[in-house]
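Whatever order the structure lists ligands and atoms in, that order sets their numbers, starting from 1. Because the structure is predicted, anything quoted here is derived from the model rather than measured.
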Amino acid sequence: MAKKRNLPRQQAQRREPPPDQPVSAALSDLLRVPSGPVDLAAIDTRSTPGFTGNKAAGQQALAALAAPISELQERLFAHGRTGGTRRLLLVVQGMDTSGKGGTMRHAVGLMDPQGVRIKAFGAPTAEEQRRGFLWRIRQALPGPGVVGVFDRSHYEDVIAVPVRRLAQAGTIEKRYDEINQFEAELVESGCELIKVMLHISREEQKARLMARLDDPSRHWKYNPGDIDDRVLWDDFQRAYELALQRCNSDAAPWHVVPADRKWYRNWAVTRLLVDRLRSMDLAWPNAEFDVEKERERLAAT
Ligand code: AMP
Ligand code: MG
């Protein structure tokens, strides 16, 4: 614990995270995928679990989280800079146009970029293909005090890969256990893990893809290959359901965030981050010098 007498007044006051909007139940519990078979169709993509207000209220609630998330992340960063080894990894999965990029901007973007490492995973390179599928994932894990964010992840290897028939069934079958073991070890080593699937409807995806085609400033985001995946929508949903079911341990549970409403998606992911960072209960590091003596030295200059 920090020695309070060593802290200047301003820092001492900052020891408690600022208040923000309470939720009735932990959002993490509301969004957590229950154990057993997963039925994504039963989860309303327009619903807003844990939030009763409208869009304006949601945007306000998100704004109210900006100060808490910033402070909590700074504590984690300070922890890493002073010899601590804890860290956090947010894994974001979702169909094309589900809002992975928007989540990076609006939720992850509330944190200080110095302490955040975003890694987007595309189709593996030739070198990555020669290694095990977790190799590139391990390379990208956050260091001490850092918030790592994966835009797609090792889950592509049990979702896109089987749907596009890029590997043998036997190879894919082994990956669920490999993922569970990898994630259990990661958590055991002191890395907090939040896994989020952004869940949109088929109709919403169509509308978002059409909006990209309608707007020349968004053509760069449009990928004709997205239609090929869209045709396989049901196969993708089944692959997601299987991944969510089979890699949903207590150590590394899955959350499904209804994502047709962008404001809810942004608020919910931010809230999950804030709640988890707060549960880490990180104090500001102790000064490794005599504050009073330094104050006197400085005053004398
Ligand atoms: P985007 O996120 O829109 O830039 O697209 C990245 C593409 O890379 C998606 O189509 C993913 O399915 C694909 N991808 C990512 N990881 C893998 C993987 N391990 N194997 C095959 N495809 C992947
Ligand atoms: Mg894409």
Within-shell test, Lys100 vs ligand 1, heavy atom, strictly < 4.0 Å: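 Contact check Lys100 vs ligand 1: negative.
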
Could a heavy atom of Met95 be found less than 4.0 Å from some atom of ligand 1?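 Contact check Met95 vs ligand 1: negative.
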
Which residue pairs satisfy the ring-ring contact (aromatic ring centres under 6.0 Å, His included) criterion with at least one member in residues 116-145, sequence neighbours excluded?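 Found Phe121-Phe150.
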
Given Ser153, Ala123, Gly225, identify the one with the heavy atom nearest to atom 23 (C) of ligand 1.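 The residue whose heavy atom sits nearest atom 23 (C) of ligand 1 is Ala123.
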
Out of Arg152, Gln129, Glu128, indicate the one that has the non-hydrogen atom closest to atom 7 (C) of ligand 1.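 Selected option, by shortest heavy-atom distance: Arg152.
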
Sub-6.0 Å ring centroid separation between Tyr264 and Trp267: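 Yes, they do, as the ring centres are separated by less than 6.0 Å.
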
Tell me the contacting part of Arg136 for ligand 1: side chain, backbone, both, or neither, using a 4.0 Å heavy-atom threshold, strictly below.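 Within the 4.0 Å criterion, Arg136 contacts ligand 1 through side-chain atoms alone.
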
Quick one: look at Arg164 and ligand 1, take heavy-atom pairs under 4.0 Å, and tell me if it's side chain, backbone, both or neither.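 The part of Arg164 near ligand 1 is the side chain, not the backbone.
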
Side chains of Asn180 and Ser249 only: does a donor on one sit below 3.5 Å from an acceptor on the other?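 Ser249 and Asn180 do not have a side-chain donor-acceptor pair below 3.5 Å.
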
For Val161, atoms of ligand 1 separated by under 4.0 Å from a heavy atom: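 Result: 20 (N), 21 (C).
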
Under a 4.0 angstrom heavy-atom cut-off, which atoms of ligand 1 come close to Ala160?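 With Ala160 as reference, the close atoms of ligand 1 come out as 12 (O).
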
Nearest 0.5 Å, please: how far is CG in Leu76 from CE in Met111?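 The CG atom of Leu76 is 9.5 Å from CE of Met111, to the nearest 0.5 Å.
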
Show me the donor-acceptor pairs, under 3.5 Å and distance only, between side chains in residues 184-196 and residues at least two apart or in other chains.
from   : atom 1 : to     : atom 2 : distance (Å)
Glu185 : OE2    : Gln181 : NE2    : 3.3
Ser189 : OG     : Arg87  : NH2    : 2.8
Ser189 : OG     : Leu186 : O      : 2.6
Glu192 : OE1    : Arg276 : NH1    : 3.1
Glu192 : OE2    : Arg86  : NH2    : 3.4
Lys195 : NZ     : Tyr155 : OH     : 2.8
Lys195 : NZ     : Glu183 : OE1    : 2.7
Lys195 : NZ     : Cys247 : O      : 2.7
Lys195 : NZ     : Ala252 : O      : 2.8

Are any of the side-chain nitrogens in Arg246 or Glu173 under 4.0 Å away from the carboxylate oxygens of its partner?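 Judged by the 4.0 Å cut-off on N to carboxylate O distance, Arg246 and Glu173 do form a salt bridge.
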
